[in-house]
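Below is one structure, written out as C-alpha cells; the observations come after it.
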Amino acid sequence: MKEMIVNRPIAETFGWLHMGGTRIMAPEGERAIACALAEGETRTVVVEDTEEAALVTADLPQGACLHLIGIRRAGAAGMARTDIRVRCGEGAEFHWYRLILGGQESYDNCSVTLEGTASSFTADIGYRLGGQEKYDINCEAIHTGRSTESRITASGVLSESARKLMRGTIDFRSGCAGSVGQETEDVLLMDETVRNQSVPVILCAEEDVAGDHGATIGRPDEKSLYYMGSRGLDTETACAMLAQAKLDAVIGRIPDPALRDALREETTR
Amino acid sequence: MSEGKTYVEDVNRAFYDFRFEEKDSFRVQSGLTREIIEQISAEKGDPAWMRDFRLRSLEIFHATDMPLWGPSIEGLDMDNIVTYVRPNTERMHTKWEDVPEDIKDTFERLGIPKSERESLAGVGAQYDSELVYHNVRKEVAEQGVVYTDLESAMHGEYGEMIREHFMKLVPPTDHKFAALHGAVWSGGSFVYVPPGASVEIPLQSYFRLNAAGAGQFEHTLIIVDKGAKLHFIEGCSAPKYNVANLHAGCVELYVGENASLRYSTIENWSKNMYNLNTKRARVEKGGRIEWVSGSFGSHVSYLYPMSVLAGEGAACEFTGVTFAGEGQDLDTGCKIVHGAPDTTSHVNTRSISKSGGVSTFRSAVVVTEKAEGSKSSVSCQSLMLDPISRSDTIPAMDVRTSKADIGHEARIGRISDEAVFYLMSRGLSEEDAKALIVSGFAENVSKELPLEYAVEMNNLIRIEMKGAIG
C-alpha cells in the first residue's frame with residue numbers, strides 16, 4: 001500500500017473545500033489495458049472492476065471509435081481505482097459508459113484529449129450508492145483540435161450515508177475553434193446524511209467555442225412524486241422508480257444489446 | 001460561429017488615471033516588521049487591545065502560506081509595499097471646504113461631492129490610508145444612524161460594539177491577506193443602523209489610493225440591526241504607476257433579524273493594483289444581503305464576497321459583472337454558506353474577457369446539515385471577445401442534506417452572429433450592434449444600481465467598436 005493523491009483536476013477551487021484531488025492509501029501497481037484500434041475500426045471493451053487498479057489507455061487513430069464500458073457491482077468490497085487516458089485523432093470517437101452500482105470506495109480518473117479535427121468524447125456516468133459507499137471521480141475533456149465535441153453526463157442517487165465527489169472539466173485550449181462542450185449533472189439525494197460535492201469546470205482559451213454546464217442536486221421532485229402517487233404508487237416505490245431512471249439513462253446508451261439487457265435485469269432486481 | 005471578429009476597446013481609464021504630487025505628511029518604511037506595526041499603532045492612537053491584535057495578526061501573516069489556487073501574485077513583494085501613508089491633513093473633516101485643495105480636487109473630478117448632493121444620504125472619502133471626509137445627512141442621523149470613520153468610533157460610545165465585531169467574521173487566521181489586514185488596517189467606515197430604521201437613499205464610501213507603491217487597508221464594519229434597512233455603495237480607484245500597489249481591505253457586514261442590506265461596489269483600481277480584498281456578511285433570521293459587484297480594474301484580483309446565512313429564512317442575492325482587459329487577471333465570484341433551515345441564495349454573474357485579459361468566476365455553495373429546506377441557484381455567463389483572452393468558470397457545490405434544492409448553470413461563448421444580424425437589419429451599424437450586445441450583457445448589474453451609479457458603471461464599460469475585421 002502506498003499513499004497517493006488521485007483525481008487531481010486541471011483547475012482547483014478554493015483550498016478550504018478540499019476538492020482538489022483526494023489522498024488515499026491504495027495498493028501499488030495497476031493492470032494495464034491498452035486499446036489499440038486501427039483506422040476506422042469500431043470496438044467495444046468491457047472493464048470489470050477488481051481490487052487491482054486499472055490503467056486504460058488508447059491512442060485512437062483517424063475515424064476509430066472506442067466504446068469503453070466500466071461496471072462496479074453492487075456490494076463490492078474494498079477499493080476500485082480506474083485511470084483512463086485517451087487521445088483522439090481526426091474524426092475519432094471515444095464513448096465511456098460508467099456504472100457504479102455500489103462498492104465501498106471507487107475512484108475514477110478519465111482524461112480525454114480531443115486532438116484531431118472533429119473528434120468527439122461522450123461520458124455517461126450512472127451511480128447508485130448507499131450505506132457508507134463513496135464515489136470520487138475526475139473527468140476531463142481537453143479540446144485542442146478544431147470542431148471537437150464533448151458531452152459529460154452524470155446522474156445518480158445517494159442514500160443513507162453515501163458520498164460522491166465529481167469534478168468535471170471541459171477545457172477549451174487555444175486553437176480548438178468551432179468546438180462544443182457540454183456537461184450536465186443530476187443528483188438525487190434520498191437521505192439526510194448523504195453528501196454530494198460537485199465541481200463542474202469550464203476553462204476557455206478560445207473565442208469561437210460554446211460551452212455550458214448545468215447541475216441539479218436535491219431531493220426527488222415533489223410534482224413527480226405527487227403525479228406518481230395519484231397513479232397509486234406509494235412514495236417508496238415512486239422514489240425507487242426515479243432512482244432506477246437515473247441508471248436506465250446510462251444503460252440505454254450502451255451499444256451491446258446483451259449487456260444492456262443483463263444490466264437492466266441486474267439493476268431492477 | 002462565423003469567421004468574423006469583433007474588436008472591443010479596453011475600458012478607457014483616462015478619467016481615473018490623473019494623479020497629484022504625493023504630499024503626504026507621514027509614511028512608514030516599506031516592508032512589514034514588528035517595528036512598523038508598532039509605529040502604525042502609535043500613529044493611530046490604538047487602544048491596547050488593538051495594538052495587541054495587530055501584532056498577533058503580523059505573526060499569523062508570517063506563519064501563513066500564500067494561496068495556491070488563484071492567479072499568480074509573484075509580482076507582489078511585500079518588502080516594497082508601504083503599508084501606511086497619511087495624507088497632508090491632520091484630521092477627518094465634516095465640511096467639504098475644509099478638505100485640502102489637492103485631495104478635494106481629486107474627489108471633485110471623480111464626482112463624489114456632486115453625488116452626495118444629488119443622491120446620497122452620506123459620504124465617506126478615504127485618501128491613501130486615512131479618511132479625509134465624512135458626512136451624513138441630518139435626517140438620516142436623526143434616525144439614530146451612525147456613519148463615521150472606524151477609528152473615531154472605536155474611541156467613542158461604540159467602542160465596545162466595534163471590539164465585539166471587529167475581524168470576528170474575517171479572523172486573521174482566515175488567509176494570509178486577512179492577517180496582513182489585521183496587522184496594518186487603517187481607515188474605513190463604521191455604520192450602525194438601529195432597529196427598525198430605514199435609510200431610503202444610499203450611503204457611500206469612496207477609496208482613492210494616490211501614493212505609488214503603497215497599500216490601502218481600509219476596514220468597513222456595518223451593523224444593520226433588527227428590521228432595519230440600508231444600501232451602502234463602495235467605490236475605489238487609483239492612478240496607474242509602474243510599481244505594484246496593494247489593496248487588502250476588509251468588509252464585515254452584520255445583518256440582523258429581518259434586516260436588509262444591499263452592498264454595491266464599483267471597483268476600478270488601476271492596472272498595477274493587486275486587489276486582495278475580503279468581504280463577508282453574516283445574516284440572521286429572516287435577514288437579507290444583496291451584493292452588487294462590478295469589477296473592472298486592478299492587475300490581479302481575488303474577490304469573493306461571502307455570505308453566511310446563519311438564521312432561519314435568511315437570504316442572499318449576488319449580482320456581479322467582471323471585465324478583464326489587457327494585463328488583467330481577475331479572479332472573482334462568491335461564497336455562500338447555508339447554515340440554517342429554509343435559507344435561499346441566488347447568484348447571477350457575467351464575465352467579459354478581451355485583449356488577453358483573464359476572467360475567472362470561482363464560487364462555492366455549501367449547504368450544511370442544518371440547512372433543511374434551503375434553495376440555491378447559480379447562473380454564470382462568460383463572453384470571450386477574442387482568441388487571445390481567457391475565461392474560466394470554477395464553481396463548487398457541497399451539499400450535506402437531502403432536503404435542499406440546488407441548481408447551477410453556466411455558459412461560455414462569443415457574441416451571437418444572429419443577434420448582430422438582427423440589430424443590423426434594424427438599422428444599427430455592426431459596431432453599434434456589437435457594442436449594444438456587450439452593454440446588454442452587463443445589464444444584470446447596472447439595472448441593480450441607482451441611476452447615477454449605473455451611469456458611472458456604463459462609463460467604465462464604455463465600449464468603442466473599431467470595425468469588424470477578418
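Note: hydrogens, waters and symmetry copies are ignored here, and every other heavy atom, side chains too, is used. Chain letters run A, B, ... following the sequence lines, proteins first and then strands; every chain starts at 1.
For chain A, no part of B:L68 is nearby; none of its heavy atoms comes within less than 4.5 Å. Contacts between B:E372 and chain A at a heavy-atom distance below 4.5 Å involve the side chain alone, from C-beta outward. Looking at A:N196, both its backbone and its side chain come within 4.5 Å of chain B, counting heavy atoms on both sides. Within the 4.5 angstrom heavy-atom criterion, only backbone atoms of B:A404 (N, CA, C, O) approach chain A. Within the 4.5 angstrom heavy-atom criterion, only side-chain atoms of B:V366, from C-beta onward, approach chain A. Contacts between A:M19 and chain B at a heavy-atom distance below 4.5 Å involve the side chain alone, from C-beta outward. B:Y304 touches chain A through its side chain: at least one heavy atom from C-beta onward sits under 4.5 Å away, while N, CA, C and O do not.
At most 12 non-hydrogen atoms from other residues, nucleotides or ligands lie less than 6.0 angstrom from CE of A:M241. Surrounding CZ of A:R219 are more than 12 heavy atoms belonging to other residues, nucleotides or ligands, all under 6.0 Å away.
Of all non-hydrogen atoms in A:L189 and B:T401, the two that sit nearest each other are CD1-O, 3.5 Å. Nearest heavy-atom pair across B:C334 and A:F14 is O-CE1, 4.5 Å. Annotation for B:A396 and A:L17: closest pair CB-CD1, 3.6 Å, computed over non-hydrogen atoms.
Between the B:R362 side chain and the A:E12 main chain, a donor and an acceptor come within less than 3.5 Å of each other. Formation of a donor-acceptor pair under 3.5 Å by the B:D392 side chain with backbone atoms of A:C204 is found in this model.
Distance check, rounded to the nearest 0.5 Å: CG of A:D208 to CE of B:M384 gives 10.0 Å. Within the model, atoms CD1 of A:I202 and OG of B:S382 stand 7.5 Å from one another, a figure rounded to the nearest 0.5 Å. Here B:M397 contributes atom CE and A:L165 contributes atom CG; the two are 11.5 Å apart, rounded to the nearest 0.5 Å. Expressed to the nearest 0.5 Å, how far CZ of A:F172 lies from OG of B:S391 amounts to 11.0 Å. In this structure, the separation between OG1 on A:T193 and CZ on B:R400 is 13.5 Å, given to the nearest 0.5 Å. Atoms CD and CD1, on A:E207 and B:I412 in that order, are 12.5 Å from each other to the nearest 0.5 Å.
Interface remark: of the candidates A:V201, A:L203, A:D212, A:L203 forms the most heavy-atom pairs closer than 4.5 Å to chain B. Most heavy-atom pairs under 4.5 Å with chain A: of the set B:G407, B:S363, B:A410, this distinction falls to B:A410. Note on A:P200, A:G218, A:G214: by heavy-atom pairs under 4.5 Å with chain B, the leading option is A:P200. Residue with the most contacts toward chain B among A:E192, A:E206, A:Q197: A:E192 (heavy-atom pairs, distance under 4.5 Å).
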Item to check | Working for side chain to side chain contact (heavy atoms under 4.5 Å, CB included), residues A:R195 and B:V399 | outcome: CA-CA 6 Å; A:R195 183 170 181 186; B:V399 184; over 6 Å; no

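Between B:H408 and A:H213, the angle of the ring planes stays under 30°, which puts this pair in the parallel group of the 30/60° scheme.
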